[in-house]
Asker: 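Handing you this structure, nothing more for now.
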2 protein chains.
Amino acid sequence: MASKDNSVNIKGDGAAKAAGTYHHGDLRAAVIAAGLTRLAEGDGTELGLRALARDVGVSATALYRHFPDKEALLDALADEGLRRLGALQAQAWLRAGGGHAGFKATGIAYVRFAYDEPAVFRLSFTRQMSERCEPGADGGEVGYNLLRAGVAQTMPNLEDPDTAALHAWALVHGLAMLILDRRIEWDEAMVEEVVGLTFGGKA
Amino acid sequence: MASKDNSVNIKGDGAAKAAGTYHHGDLRAAVIAAGLTRLAEGDGTELGLRALARDVGVSATALYRHFPDKEALLDALADEGLRRLGALQAQAWLRAGGGHAGFKATGIAYVRFAYDEPAVFRLSFTRQMSERCEPGADGGEVGYNLLRAGVAQTMPNLEDPDTAALHAWALVHGLAMLILDRRIEWDEAMVEEVVGLTFGGKA
DNA sequence: CTCGATATGTTTACAGTGACAACATATGGC
DNA sequence: GCCATATGTTGTCACTGTAAACATATCGAG
């Protein structure tokens, strides 16, 4: 049919057509990549299975060979989003050299990620976890570990580090969500200031 | 046809069949009430126009006489949700007698509302404001005024009250969202402790 | 190398959705 | 009493997620 070769393939490259091992190479990866791209482009249109499949050059129902249903696909996208967020936070932590500055940097990276990729961020956190996927294999591990490490390193002599960690997380998460939902305007200086109030303003 | 009288009317009472002024009485109000009820019952099923119309005892397309489209209907529901949240916060503020304790109470009420009515809370904040409805006529006014008043009264000599207000709002909002999305467990004592860190723990 | 088993992709079809147009009916002012 | 108008209904359309039946490529065993 040759309909596979001249597929439009506007997006969804990166992990697509990985030589000729299987029909497509590695669908699933390609679908996830295409999904993230589509989310990143921010067209408010809910990504539908048909559109996604067309992006990847495959017919709609093919996706069901790799995901039991749409929810599972979204779960996979959400997980990948969390992984990216964690990576950005780790990068920010390292670039700032750890310590107070590093901890604060991870917080700002959190909010910036939400601002840069609103759809991905919302999707990543809106999927209520568990119920569908049992604990473990969570893409948010990196971020969570960074949070714990940051608290431990920044305020070592604290009676309740859990409370402090939760406080920090809730702060940046709320900031991110409020910006995302247009409750407040994005403003880098403002974010730094607010985050600094909790994440160690003196550093 | 008498199909209107024997409508199931499981939910959606409260403002329904308000005597015989018009066909239904006051649809719109009835629809909003039914929608909130359906959201409150927490059945994860996205509320559809047909189901909502059936709840109220009316045929699906009748809703289009009162809302231009589904989005507008959801906007109305969101607005009503914000109004209720504001009312609960005001009540909490009064019950605690204002001041530090009152301010903290409004914060806790915020999180508790999200926990009690997750669907309504999420809907209320997920609708990105403006774009669709111009500023003004916002159901969140009460809550916002409480926030400003609380900050002003609790920490009067502050260089930047805006930052403090944002800090407080982001904290409770993030806490609410994290609980809603099952990132953290609901725990009244924990909420009080975390909120206390920012809202005046000494009071 | 041939051949079946299996994994992957396609076609067709179906129920459900939001939305529109045309039609029906009650309300209220003149 | 009568008509303009607000409200509610029926029928229909494009679209969506998804399942069943069918087609094809890949790989291991003989």
Side-chain angles (χ1 to χ4, degrees), chain A residues 1-9 12 15-32 34-35 38-39 43-77 123 127 132, chain B residues 1-9 12 15-32 34-35 38-39 43-77 123 127 132:
Chain A
M1 303 306 183
S3 71
K4 187 167 47 180
D5 283 340
N6 69 353
S7 67
V8 189
N9 195 16
K17 34 194 67 180
T21 56
Y22 269 117
H23 287 189
H24 173 95
D26 186 359
L27 228 167
R28 171 160 185 118
V31 169
I32 291 182
R38 198 163 259 263
L39 285 179
D43 41 355
T45 57
E46 268 301 329
L47 66 152
L49 291 190
R50 282 167 170 85
L52 204 48
R54 199 177 325 119
D55 281 353
V56 119
V58 116
S59 233
T61 55
L63 308 188
Y64 282 87
R65 300 296 164 179
H66 298 268
F67 306 93
D69 60 352
K70 189 187 184 184
E71 293 297 297
L73 199 167
L74 294 182
D75 281 342
L77 283 176
L123 180 72
R127 312 267 78 210
R132 186 169 285 267
Chain B
M1 301 306 183
S3 72
K4 189 167 47 180
D5 282 340
N6 69 352
S7 66
V8 188
N9 194 18
K17 34 193 63 179
T21 55
Y22 269 115
H23 285 187
H24 174 97
D26 187 357
L27 230 168
R28 169 154 189 122
V31 169
I32 292 182
R38 198 162 258 264
L39 286 179
D43 41 356
T45 59
E46 268 300 329
L47 65 155
L49 292 189
R50 283 169 169 84
L52 204 49
R54 198 174 329 117
D55 281 354
V56 118
V58 117
S59 233
T61 54
L63 308 187
Y64 283 89
R65 299 293 165 183
H66 298 267
F67 305 93
D69 60 354
K70 189 188 184 184
E71 293 298 295
L73 200 168
L74 294 183
D75 281 341
L77 282 177
L123 180 73
R127 313 261 84 204
R132 187 168 282 269

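Predicted model, so just to flag it, every value in this text is computed and none were measured. Chain A is the first sequence line, chain B the second, and so forth, proteins listed ahead of strands; every chain is numbered from 1.
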Asker: How many whole angstroms separate atom CG of Leu74(A) from atom C1' of dG17(D)?
Answerer: 12 Å
Asker: Could you list the residues that satisfy side-chain contact (heavy atoms from CB on, under 4.5 Å) with Arg65(A), not counting sequence neighbours?
Answerer: none
Asker: Nearest whole Å is fine: how far is dG8(D) C1' from Phe67(B) CZ?
Answerer: 15 Å
Asker: Would you say Leu49(B) and Thr61(B) make side-chain contact, with heavy atoms under 4.5 Å?
Answerer: no
Asker: Under 3.5 Å, which N/O atoms of the protein pair with N/O atoms of nucleotides 18-21 of chain C?
Answerer:
| residue | atom | partner | partner atom | Å |
| --- | --- | --- | --- | --- |
| dG18(C) | OP1 | Leu49(B) | N | 3.2 |
| dG18(C) | OP1 | Lys70(B) | NZ | 2.9 |
| dG18(C) | OP2 | Leu49(B) | N | 3.0 |
| dG18(C) | N7 | Arg50(B) | NH1 | 2.6 |
| dG18(C) | O6 | Arg50(B) | NH2 | 3.1 |
| dA19(C) | OP2 | Tyr64(B) | OH | 2.5 |
| dA19(C) | OP2 | Lys70(B) | N | 3.0 |
| dA19(C) | O5' | Tyr64(B) | OH | 3.0 |

Asker: Could you tell me how far apart Arg54(A) (CZ) and dT16(D) (C1') are, to the nearest whole angstrom?
Answerer: 12 Å
Asker: Where do Phe67(A) and Ile32(A) come nearest, in terms of heavy atoms and distance?
Answerer: CZ-CG1, 4.2 Å
Asker: Expressed in angstrom and rounded to an integer, what is the separation of Leu63(B) atom CG from dT9(D) atom C1'?
Answerer: 12 Å
Asker: Any side-chain heavy-atom pair from His66(B) and Val31(B) closer than 4.5 angstrom?
Answerer: no
Asker: Grab the CG-C1' distance between Leu73(A) and dT18(D) for me, whole Å please.
Answerer: 13 Å
Asker: With side chains defined as the heavy atoms from C-beta onward, is the minimum distance between Leu73(A) and Leu52(A) less than 4.5 Å?
Answerer: yes
Asker: When you measure from the side-chain N and O atoms of His66(B) to the phosphate of dA6(D), is any distance below 4.0 Å, counting only OP1 and OP2?
Answerer: no
Asker: Please identify which of these residues, Leu47(B), Asp75(B), Leu77(B), meets the side chain to side chain contact (heavy atoms under 4.5 Å, CB included) condition with Leu123(B).
Answerer: Leu77(B)
